Amino acid sequence: MNELNKSYEPSQIEDKWYELWENSGYFKPSKKADQDSFCIVIPPPNVTGSLHMGHALNATLQDILTRWKRMLGYNTLWLPGTDHAGIATQNVVERELAKQKISRHSIGRDAFIQKIWEWKSEYGSRITHQLKKMGASCDWSRERFTLDEGLSDAVREVFVQLYEEGLIYRDNRLINWCPRCHTALSDLEVEYEDTEGRIYYIQYPLSDSSGYLTVATTRPETMLGDTAVAVNPDDSRYKKFIGKDLKLPLSGRLIPVVADDAVDQEFGTGAVKVTPAHDFNDEAIGKRHGLPSLQVISEDGKMTAEAGKRYAGLDRYECRRLVLNDLKELTLLEGDRKHLHSVGHCYRCKTTIEPLQTIQWYVDVSAMSKEAITAVKDRKITIVPESWENNYYGWMNNIKDWCISRQIWWGHQIPVWYCPSCKSEHGSDQGDMIDHIFFEPVSTPDGTMLVTGTYSGLRAKGLTHEQIINNSKIIRVSRDVKPRCSRTNITECPDCGSKDIIRDPDVLDTWFSSALWPFSTLGWPKDTDDLRSFYPTSVLITGFDILFFWVARMIMMGLKFKKEVPFKDVYIHALVRDSHGQKMSKSRGNVVDPLDMIARFGADAFRFSLVAFAAQGRDIRFSEERVEGYRHFINKIWNASKFILGNLNNAGYECAAAPLNPDLPGRWIISRFNAAIEDVNRYLEAYRFNEAASSIYQFVWHEFCDWYIELSKPAMYGDDPELKKNTLSCLVRILKGSLIMLHPFTPFVTEEIWHALQGSTGSIMLQRYPMAESRDLDAESAMEYVLSTVSGIRSLRGELNIAPSAELEVYIKTADDNVASILNENMAAIKKMVKASEIIASVGTTKPSGSAVCVQKDMEIYLPVEGLLDIKTEVGRLQKEREKIEESIEFLTKKLSNEKFINSAPKAVVDKDRARFEELKEKSDKVSENIMLLEKIGS
RNA sequence: GGGCGGAUAGCUCAGCUGGGAGAGCGCAGCCCUUACAAGGCUGAUGCCACAGGUUCGAUCCCUGUUCCGCCUACCA
């Protein structure tokens, strides 16, 4: 039998137990055929990531459910893994290389990818180590990575199938472009932020010099690409301009004035410059009016040749300054003013995005999204809390085709090849010799010559196919070039046999592979045991920030490729904010590090805090004080265990094993335990984590420790061996039950105590989680007399300020013999709890003179305090009490005399109020009686 | 502009089928009682944002208002 240390030291034991669990294979599914399955796939954290509060909360909730279901006997799997996080990871490694003055272009694609893999093998397991610190009971033998071989097979299979069904296609559209990351971004990857900018008023003269029109713009540099000015057809100010030509300042090009309903007459001047190549609205206007599109900003955010000689090559912001300056000199700039508007930024590098027309790959999600909506409507998937359903529907109903190509290197390269030798199917617009694969200028291996231009142009310069492919960067493949999509790598053109074929350089959006995660991690496209056992998974636990990025797409892909939803429930948890309600961010400097919390308070206290905070549908304000509070709770468990263990050591182990023959307090605490376990199971089933935590807290601390352990002390310190044995057996039983109940929440401390209790065999993880047995309501109501006697006497002690050292004599008048005998049977415990030398309880008890009184249900408690008692104070106290009672009586009298209430309220409610009324009435009478007696003595 | 959520004790928040509001922390008083001072006992504190409505009865349901968050679209 072990002894427990004086206080609980989490840091000394957490790693030890985690290792034991993992090495014993306890995190693996049990694989018994007769068991129901329970499975969670982890939302894969970025491989570059390190554990933040969101992860900590997310992992804790998943671990609680996993450990709980596992102990309930389910065949349980929590499958872990990480995400390759395309842009994020590429950026991290690029920054690392930049410190050594290496750019990815200087070392080339293959070498750069190699560098990322090296980085991953060195740092990629950081986050999984941190999850282990949290106690996460993931089956690490099944850990997956979105770029590993199996998952890459899944990605390619899905791409090819969708392509063959015509659901993946290429198109040339305006998209969000990050000039720094040099890639397209999906709508979701753009973060809008309100920014104070300026709006400029610029005069556009009519071509016949008969006047001018003033437009308002926040982006003057884009005027170089204007192909029209639009006004509202109903705008009387501008009707006369419609159809006329304007002479675009700085360029001299003639552009028409068109009429379009989309123009808001109230905004700016009511005249809008139209730049179809660089603005989404303008693109739409351009389409409606058949306007040409003129690209004046390039992929790297610099002005193109189209912008004109004076501006070409300038950065877009330098160009803005120069344009404004030039306009001022021409006196065409009427003025400018402050303007608040929201500006899109790259979610990875925060660079202002630039809308650009490019050719990208898209997934047609129109059919898939409809099925995904139906799945939720038909309750095949339940979203918790329900309020998120509307958000889900709202987004899914307005979903646009998903842009899946990214112009970066780290990720799943698109399995499509092009042949430069084959004539294009449709021919180019010009029908001439233009080649359709374009290369960005990059230096050749000898560093002297710049490689630039089209494929055939470069070959003509004498470069070989390999030289071009290895040292250049393909920036665009025309829509006219025929793609060849394949499950396996292609080495020659299937049409002409040319070996000089080029693979599409783009990679897939990271979320493409994430969308397959619930089935790709289980082995798909192979037909595996895991897939059969665990798909569909039971529940997905995630934050709302990736509901659309990830959850919605998983549902679409799961339905498409597995014909079944990927999970039955989705639990959306809160965002963890700081104690002031601010989002945690590095720039604000308010980030709380979970590992720091674990180091200072222990993983169990930290976990318990997170769960206790996790009320549905509301953000969490994290406060360190509360973590400290829950550390006290962990310590309380520790100390209670120490008490019981000490007694066990004295009494001998066989005591604990004795058959249970509980006395009234024992029956009471067992019943209360059943109430608690009933709550915990019910709340966890409903994902009401905070309620489950609070039920446990309440029971363990305030019922078990504060009441039962205290009540047990006379028995434990007394010399009745039979009573001692019974009490100890009950203490041990409830302690063990509580530890098991607590284990999913606080795995480490419960394991540590478990081993001290049992000797060193068997993990608490292998125990069966308790299910509620029936309550003992007789015991509960009988115990009420004991409990209220103790509270009543304590209250008198406290309020009358009686010295704690004073031993009391107490007299109790009971309503009947039953109450008296309940009290007398538990008298030793009551005496101890209130520090009384003598307590007489009977029906016939009379009140000693000079007593303070406490009136309880079916009891009057008299505390003789002659000499100590200040009669005036006591009368005042009782009067105050009576006032309160009278108030309630008055309220109830009114209520009960209301016929409408009696007739329409449910009988139970009326009866309850009647009973309360009677009780209060009795109490009031007794209190009044006592006041009168006191006043008599006083006078 | 559209949508969602919040307003309850000094602070942070529970309160899910409408029946006179709870916790933790904090505060005040007493106590180092042999599990625990990281503790025990006792106590104080609430126009449940505001105004209407529905109902026998509203913190809870409905409408409006104010103030805070968040999401989403647009902002030329």
Side-chain angles (χ1 to χ4, degrees), chain A residues 4 6-8 192 194 199 215-219 222 229-230 262-264 267-275 279-282 285 339-343 385-388 390-391 394-395 398 544-545 547 575 577 579 581 583 605 612-613 615-623 625-626 628-647 686 688 690-691 694 697-698 702 705-706 709-710 713 717 790-791 794-805 832-835 887-888 891-892 895 898-906 908-910 912-913 916:
Chain A
L4 294 181
K6 181 151 169 42
S7 65
Y8 176 55
Y192 289 88
D194 280 341
I199 186 162
V215 301
T217 180
T218 54
R219 299 202 57 195
T222 62
V229 167
V263 179
D264 179 358
F267 191 91
T269 60
V272 193
K273 61 189 235 23
V274 181
T275 323
D279 184 282
F280 289 98
N281 286 325
D282 293 4
I285 295 176
H339 182 63
L340 193 71
H341 61 153
S342 72
V343 177
E386 217 181 316
S387 54
W388 284 105
N390 281 336
N391 279 42
W395 190 72
N398 295 309
F544 62 83
D545 48 334
L547 183 62
L575 189 74
R577 300 172 175 280
S579 59
K583 224 170 179 168
F613 279 128
Q616 285 182 10
R618 207 168 164 156
D619 283 347
I620 291 173
R621 288 199 193 195
F622 186 81
S623 91
E625 288 74 40
R626 272 186 78 174
E628 203 176 345
Y630 289 117
R631 181 182 62 176
H632 296 172
F633 177 55
I634 304 295
N635 199 51
K636 189 79 184 175
I637 298 165
W638 182 262
N639 279 305
S641 306
K642 208 166 75 179
F643 169 75
I644 294 167
L645 198 63
N647 282 292
R688 299 182 53 177
N690 62 322
E691 300 283 353
S694 124
Y697 184 97
Q698 189 63 26
H702 297 304
C705 291
D706 284 353
I709 290 184
E710 292 307 320
K713 280 180 180 173
Y717 296 139
V790 171
S791 328
R794 277 177 174 169
S795 191
L796 286 175
R797 266 202 110 114
E799 284 176 41
L800 297 169
N801 238 335
I802 294 168
S805 52
K832 170 107 177 29
M833 303 270 289
V834 300
K835 204 166 182 201
E887 247 173 61
S888 300
F891 174 79
L892 284 172
K895 200 170 173 183
N898 182 344
E899 259 181 58
K900 284 181 182 168
F901 170 68
I902 304 289
N903 293 335
S904 24
V909 174
V910 179
K912 200 176 121 199
D913 277 348
R916 230 179 90 225

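Only a predicted model underlies this, so the values are computations on that prediction, with no experimental measurement involved. Basis for what follows: all heavy atoms, side chains included, without hydrogens, waters or symmetry-related copies. The sequence lines fix the lettering, A, B, ..., with proteins before strands; numbering per chain opens at 1.
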Once pairs are restricted to Watson-Crick or G-U wobble with both distances under 3.5 Å, how does RNA chain B read as a dot-bracket string, [ ] for crossings and | for other-strand pairs?
(((((((..((((.....[..)))).(((((.......))))).....(((((..]....))))))))))))....

Take atom [atom1] in [N] and the same atom in [M], then report the distance between them in whole Å.
| N | M | atom1 | answer |
| --- | --- | --- | --- |
| B/C50 | B/A9 | P | 11 Å |
| B/C25 | B/A38 | C1' | 14 Å |
| B/G6 | B/C62 | P | 11 Å |
| B/C70 | B/U54 | C1' | 31 Å |
| B/C61 | B/G1 | P | 26 Å |

Ring pair (Phe, Tyr, Trp, His ring centres under 6.0 Å) partners for A/Phe267, two or more places apart
A/His339

Taking salt bridge (Lys or Arg N to Asp or Glu O under 4.0 Å) as the definition, give me every residue that meets it alongside A/Glu628, ordered by chain and number, with sequence neighbours left out.
A/Arg631

Find the distance between [atom1] ([X]) and [atom2] ([Y]) and round it off to the nearest 0.5 Å.
| X | Y | atom1 | atom2 | result |
| --- | --- | --- | --- | --- |
| A/Lys273 | A/Ile285 | NZ | CD1 | 11.0 Å |
| A/Ile199 | A/Thr218 | CD1 | OG1 | 6.5 Å |
| A/Phe613 | A/Asn690 | CZ | CG | 11.0 Å |
| A/Lys636 | A/Tyr697 | NZ | OH | 9.5 Å |
| A/Leu645 | A/Trp638 | CG | CH2 | 9.5 Å |
| A/Leu796 | A/Ser791 | CG | OG | 11.0 Å |

Which whole-number value in Å describes the distance from [X] [atom1] to [N] [atom2]?
| X | N | atom1 | atom2 | result |
| --- | --- | --- | --- | --- |
| A/Asn390 | B/C71 | CG | C1' | 13 Å |
| A/Glu386 | B/U17 | CD | P | 14 Å |
| A/Ile285 | B/C74 | CD1 | C1' | 12 Å |
| A/Glu625 | B/G24 | CD | P | 16 Å |
| A/Asn391 | B/G3 | CG | P | 13 Å |

With side chains defined as the heavy atoms from C-beta onward, is the minimum distance between [X] and [Y] less than 4.5 Å?
| X | Y | answer |
| --- | --- | --- |
| A/Val910 | A/Ile902 | yes |
| A/Asp913 | A/Phe901 | yes |
| A/Thr222 | A/Arg219 | yes |
| A/Leu547 | A/Trp388 | yes |

Under 3.5 Å, is there a donor-acceptor pair between the A/Lys835 and A/Ser805 side chains?
no

Would you classify A/Val910 as touching base, sugar-phosphate or nothing, given that sugar-phosphate means primed atoms plus P, OP1 and OP2, and contacts are heavy atoms under 4.0 Å?
nothing

Which atom pairs link the protein and nucleotides 54-63 of chain B when you take only N or O atoms and keep those under 3.5 Å?
unit_1: B/C56; atom_1: O2'; unit_2: A/Asn898; atom_2: ND2; d: 2.9

Grab the N/O contacts between the protein and nucleotides 13-15 of chain B below 3.5 Å, and write none if there aren't any.
unit_1: B/C13; atom_1: OP1; unit_2: A/Arg621; atom_2: NE; d: 3.0
unit_1: B/A14; atom_1: OP1; unit_2: A/Arg618; atom_2: NE; d: 3.2
unit_1: B/A14; atom_1: OP2; unit_2: A/Arg618; atom_2: NE; d: 3.4
unit_1: B/A14; atom_1: OP2; unit_2: A/Arg618; atom_2: NH1; d: 2.2
unit_1: B/A14; atom_1: O2'; unit_2: A/Glu691; atom_2: OE2; d: 3.2

Tabulate atom names and distances for all N/O pairs under 3.5 angstrom spanning the protein and nucleotides 33-44 of chain B.
unit_1: B/A35; atom_1: OP1; unit_2: A/Lys713; atom_2: NZ; d: 3.4
unit_1: B/A35; atom_1: OP1; unit_2: A/Tyr717; atom_2: OH; d: 3.4
unit_1: B/A35; atom_1: OP2; unit_2: A/Tyr717; atom_2: OH; d: 2.0
unit_1: B/A35; atom_1: O2'; unit_2: A/Asn639; atom_2: OD1; d: 3.0
unit_1: B/A35; atom_1: N7; unit_2: A/Lys713; atom_2: NZ; d: 3.2
unit_1: B/A35; atom_1: N6; unit_2: A/Cys705; atom_2: O; d: 3.4
unit_1: B/A35; atom_1: N6; unit_2: A/Glu710; atom_2: OE2; d: 2.9
unit_1: B/A35; atom_1: N3; unit_2: A/Asn639; atom_2: O; d: 3.2
unit_1: B/A35; atom_1: N3; unit_2: A/Ala640; atom_2: N; d: 3.1
unit_1: B/C36; atom_1: O4'; unit_2: A/Asn639; atom_2: OD1; d: 3.1
unit_1: B/C36; atom_1: O4'; unit_2: A/Asn639; atom_2: ND2; d: 3.4
unit_1: B/C36; atom_1: O2'; unit_2: A/Asn639; atom_2: ND2; d: 3.2
unit_1: B/C36; atom_1: O2; unit_2: A/Lys636; atom_2: NZ; d: 2.9
unit_1: B/C36; atom_1: N3; unit_2: A/Lys636; atom_2: NZ; d: 2.9
unit_1: B/A38; atom_1: O4'; unit_2: A/His632; atom_2: NE2; d: 3.0
unit_1: B/G39; atom_1: OP1; unit_2: A/His632; atom_2: ND1; d: 2.9
unit_1: B/G39; atom_1: O3'; unit_2: A/Lys636; atom_2: NZ; d: 3.1
unit_1: B/G40; atom_1: OP1; unit_2: A/Lys636; atom_2: NZ; d: 3.2
unit_1: B/G40; atom_1: OP1; unit_2: A/Trp701; atom_2: NE1; d: 2.6
unit_1: B/G43; atom_1: OP1; unit_2: A/Ser795; atom_2: OG; d: 3.1

